[in-house]
Every structure is written in C-alpha cells, then in structure tokens.
Amino acid sequence: MILVRINKDRYKYDIHSLVKAFYPKEDVSVVTDEEYENKEIDEKLISFRIEIDFSEDAGKITMKIIRKDGTICEASVVCDNETGGSDSSTNGTKSSLSTPKNALKQMMYRELTKEIGHELPWGSLTGIRPTRIPMQMLEAGKDVSDIKKYMKETFFVSDEKTNLAYNIAIREKAILDDINYKDGYSIYLGIPFCPTTCLYCSFTSFPIVTWAKKVDSYLSCLEKEIDYVSEAFKGKTVNSVYVGGGTPTTLSPDQMRRLITYLRDRVDLSSCREFTVESGRPDSITRDKLRAMKECGVDRISVNPQTMSDETLKRIGRQHTVSQFIEAYNTAREEGFDNINMDIILGLPGETEKDVEHTMSEIEKLHPDDLTVHSLSVKRGSRLAEHIRNNGFFVAGDTGSMMKIAGEGAERMGLSPYYLYRQKNISGNLENTGYACEGKAGIYNILMMEEVQSIVAIGAGTVTKRVYGDGRIERCDNVKDVTLYMNSIDEMIERKKKLFA
Ligand code: SF4
C-alpha cells in the first residue's frame with residue numbers, strides 16, 4: 001500500500017487518481033493527518049509514504065516521498081493562493097498553470113516520474129474525458145499550436161496522445177456541428193439481463209435464466225417511464241436512442257418489438273439520427289431478433305467479440321465461441337445492418353500482443369463499420385478483481401503495444417478515431433477509443449461523452465443526466481436491483497420529475 005498523508009482535506013480524489021496511475025497494482029490510501037491518527041493502518045503493508053503539506057495561505061505546497069529504505073525526496077511548488085486561481089480554467093483563455101490543483105499535480109507528476117523512471121502517456125490527466133480540453137479550446141477559438149502547447153505544458157500529455165485527443169475533438173466537433181443537439185435530448189433504455197456474467201463485468205447485469213419470467217413485468221416498468229418521457233419532453237427533438245445493458249438481445253423478438261413499438265408510438269422519433277441496440281453477446285443473437293430490430297427501425301448494432309481467441313473467451317466467462325460470433329455478425333449483415341460496431345478488450349487475462357494481432361487480423365476480414373477498443377478496467381467488486389486477488393495480476397502483454405496494434409489495424413480497415421474516454425484503474429493507464437468509417441460514427445457516444453445534452457435514462461441501474469444551458473450537469477439514478485426498481489417505479493419517475501422540474 002502507498003500511504004499519502006495530507007495536512008488539509010483537499011484534492012484527495014485527484015491525488016489518489018494520480019498516484020494510482022503511477023502504481024496501478026498498489027492500493028493507495030489518501031488520508032488527512034486527523035484521519036491518520038484515528039485510522040488503524042498496518043505499517044507492514046506500506047510500500048512507501050508521501051506527505052503533502054499545503055502552507056497556511058496555500059501559496060506553497062510541499063511534498064515528501066519517504067521510501068521504504070528511509071531515504072527522502074523533497075520538492076515544493078509555489079502556486080496561487082486558495083482564492084487566487086480557478087482550477088476549472090481549461091479553455092486556455094487564461095493560464096491555469098499555477099492554480100493549486102494544477103501546481104500540485106505537476107509537482108507530483110514530476111517527482112513520481114523520477115521515482116518510476118518513465119512518463120505516463122496521458123501525463124497528469126486523470127479525468128475520464130481528455131478530449132474535452134481540446135474541444136473547449138477549439139470552441140474558444142484556439143488553434144492547434146495553442147492546444148498542443150497547453151496539453152503538454154499543463155498536463156505533460158505525450159505528443160501521441162495530444163494528437164489523438166486533438167484529432168478526435170476536430171472530428172467530434174464536425175459531427176456535433178451537424179446536429180441540433182442543443183435543443184434536443186437522447187434516450188437510453190437499459191436491459192440489465194445477460195446470458196451469463198463475464199468475469200470482468202462491472203455493469204448492471206443479471207443472468208436471464210433467473211429473470212426470464214419477470215422480463216415482461218420489467219418491460220411494463222420501462223413503459224411507465226416512457227409514458228413520463230412522452231409527457232415531459234413533448235415537442236422536444238430526440239437526437240439518438242441507445243438500448244444498452246446488460247444485453248438487450250436477451251429479449252425475445254416479441255419483447256423487442258413490444259419495447260421499441262411502445263417507444264415509437266409515444267415519443268416522436270422523426271428527427272432521431274441514430275437508433276442503436278447493443279447486441280453484444282453473440283450467444284444472444286438470432287435471425288428472428290435481428291429481423292424484429294430491423295423492422296422496428298434499429299439502424300446501428302454492436303456485436304462484440306472482445307477477442308478472437310476461444311481460449312480467452314472461455315477464461316473470461318463469455319460462453320460463446322469465435323465461430324458463434326462470426327455467424328452472428330454475418331447474419332446481421334444478411335439482415336441488412338449496415339452499421340455494425342464491434343468491441344474488443346486489450347489486456348485480457350493471459351493475452352499477449354500476439355493475441356491482439358490475431359484478433360485484429362480476424363476482424364479485418366469482417367470489415368466492421370465501427371470498432372471500439374477498450375483497455376481492460378479492473379473495477380472494485382468485479383469478479384475479475386477477485387480473480388486477480390486470488391491468482392495475482394496477470395496481464396501477460398504490454399497494453400500500450402496492444403493499443404498500437406489495434407490502432408494500426410483500425411487504420412488498415414479505414415476506420416478513424418472519433419471518440420475516447422478513460423476509466424479508473426484502466427490497464428496501462430490508457431484509454432478506450434471508438435473508431436469508425438466515414439458517416440458511421442456513433443452519435444450517441446459523442447453526445448454522451450461530451451456531455452452536451454441531456455440523456456434520459458430508463459431502466460434499472462441507469463443514470464439520467466440533465467445538462468443545463470450553462471454546461472452545469474445534474475444527475476439522478478435508478479436503483480440497480482431489478483426487483484426494487486420494479487417495486488419503486490413511481491419513485492424512479494418522481495426522481496426524474498424533480499430533476500427536470
Ligand atoms: S455482456 Fe456486458 S453487461 Fe453482460 S455480463 Fe458481460 S460485460 Fe457484463
């Protein structure tokens with residue numbers, strides 16, 4: 001464990017994320033002096049300590065790294081006082097180099113880089129939406145050199161990641177400029193059932209075999225929420241609909257028809273630019289379901305191999321084979337789907353660069369319209385986290401090299417990066433990137449990731465987001481437990497009513 005002690009209760013989250021980015025395999029605990037005094041800590045578990053001291057007027061921050069062998073490295077930085085700088089100034093209209101948060105993160109980044117002996121690809125950026133910085137700067141009229149300078153000087157982002165973030169921001173902006181998103185909203189429908197639970201799952205997901213008899217009652221609850229949406233958002237434009245989960249294709253063809261028809265009958269989707277149904281698990285896809293979706297106007301689906309290795313699929317509990325995936329994909333093409341996304345995951349247990357090369361060469365033969373490349377994220381509470389605890393951390397290859405192999409493969413297929421996000425505890429401290437061919441970029445993904453419009457989310461475990469005109473965001477969530485969701489459906493609707501009042 002790495003123990004970080006701070007003398008004032010501030011920036012705990014940022015400090016934790018940054019230390020964790022340098023030491024992903026270590027537990028990191030950030031405590032105030034007061035918390036330290038009241039906390040029982042097993043000293044034997046501590047690998048090394050960091051002490052951070054904010055001077056009284058916060059005009060100076062000092063940092064000490066106390067190594068296991070007792071040697072100490074000390075550094076300090078001068079910054080604005082507590083009220084002298086805005087930590088949220090990222091549009092480049094004023095320098096934010098010396099705000100307390102940035103000054104602290106820069107100092108920590110410099111010192112920890114020396115400790116581990118190399119830089120991090122995303123520098124000191126630990127947030128999940130790094131493209132928002134170039135995006136905001138583009139909107140503020142900044143040019144490419146301003147943006148690159150800012151990313152490098154403020155956050156130490158590598159040239160490669162700066163170029164990636166900038167190019168994606170340019171593409172996203174072009175797509176958003178073509179959508180009247182400011183007056184619209186998007187709808188998310190959550191189907192929290194899956195054929196089985198994948199080892200790495202951290203989503204709201206329950207085995208369909210256990211829930212099969214209650215799916216119709218669950219759909220009735222979604223319909224109640226749809227009734228609320230149709231009333232509350234009357235006259236507003238729906239830009240995109242996304243049915244996710246879970247695995248929506250655990251629904252039968254009739255249940256799929258019932259849900260989508262109900263939505264179409266009550267909500268005006270005439271201006272909807274994209275209707276996606278995640279059909280992630282090939283073992284849930286049948287021709288009849290694909291037909292039902294096509295008839296109902298679904299124009300984008302996702303069929304996800306994750307890897308093209310049967311051995312890995314078995315290891316991660318997917319319970320489908322590569323050939324089942326290829327069959328599901330080909331059936332979707334036969335049924336007329338001309339916008340199909342595939343998800344793959346890098347850093348899966350036991351996989352090396354060779355496996356990723358193999359996965360990419362197999363995918364290239366299929367020519368998907370979209371490819372989303374995820375770096376494995378090990379979330380607390382997932383079975384994967386437990387698996388890692390029990391078996392030791394084993395990502396057999398270098399995720400950075402895997403990311404390069406996947407990016408080159410996407411380029412060979414004519415797919416360009418169009419959206420990007422990062423997660424906590426992501427393998428290699430990298431990112432998830434969506435690639436798409438011209439005209440096939442997932443609009444919902446951009447609207448959701450850039451947080452430029454409200455997303456009304458329906459179903460158990462979903463989160464509704466209200467985006468105000470000034471960029472302020474408020475959220476309300478639906479409970480994850482399906483039974484509780486169904487029993488408290490009126491309360492779920494009340495929460496939305498309050499949020500959009
Ligand atoms: S398909 Fe997705 S939601 Fe379902 S268990 Fe696997 S990771 Fe979780």
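Start at 1 and go down the list; that is how both ligands and their atoms are numbered.
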S.K.: Any idea how Phe233 and Phe500 line up, ring-wise: parallel (<30°), tilted (30 to 60°), or perpendicular (>60°)?
M.R.: perpendicular
S.K.: Would you please indicate yes or no on a ring centroid separation below 6.0 angstrom for Phe206 and Phe193?
M.R.: no
S.K.: Show the atoms of ligand 1 that are less than 4.0 angstrom away from any heavy atom in Thr196.
M.R.: 5 (S)
S.K.: Can a salt bridge be assigned to the pair Asp227 and Lys224 using a cut-off of 4.0 Å between side-chain N and carboxylate O?
M.R.: no
S.K.: Restricting to N/O/S atoms, is Cys201 within less than 2.8 Å of atom 4 (Fe) of ligand 1 or not?
M.R.: no
S.K.: Nearest to atom 4 (Fe) of ligand 1, what protein heavy atom do you find, and at what distance?
M.R.: Cys194 SG, 2.2 Å
S.K.: Taking the ring centre of each residue, are Tyr485 and Tyr218 less than 6.0 Å apart?
M.R.: yes
S.K.: If the threshold is 4.0 Å, N to carboxylate O, is there a salt bridge linking Glu295 and Arg291?
M.R.: no
S.K.: May I ask you to identify the nearest protein heavy atom to atom 2 (Fe) of ligand 1, giving residue, atom name and distance to one decimal place in Å?
M.R.: Phe203 CD1, 4.2 Å
S.K.: Can a donor-acceptor pair be found, under 3.5 Å and without considering hydrogens, that links the side chain of Arg315 to the backbone of Pro349?
M.R.: yes
S.K.: If the threshold is 4.0 Å, N to carboxylate O, is there a salt bridge linking Arg300 and Asp370?
M.R.: yes
S.K.: Among all protein heavy atoms in this structure, tell me which lies nearest to atom 7 (S) of ligand 1, with the distance rounded to 0.1 Å.
M.R.: Tyr200 CE1, 3.6 Å
S.K.: Identify the closest protein heavy atom to atom 6 (Fe) of ligand 1: which residue and atom is it, and at what distance?
M.R.: Cys198 SG, 2.3 Å
S.K.: Give the numbers and elements of all ligand 1 atoms closer than 4.0 Å to a heavy atom of Thr247.
M.R.: 1 (S), 4 (Fe)
S.K.: Quick one: which ligand 1 atoms are inside 4.0 Å of a heavy atom on Arg318?
M.R.: 1 (S)
S.K.: Check whether any heavy atom of Gly246 sits under 4.0 Å from an atom of ligand 1.
M.R.: yes
S.K.: Considering non-hydrogen atoms of the protein only, which is the closest contact for atom 1 (S) of ligand 1, and what is the distance?
M.R.: Arg281 CG, 3.5 Å
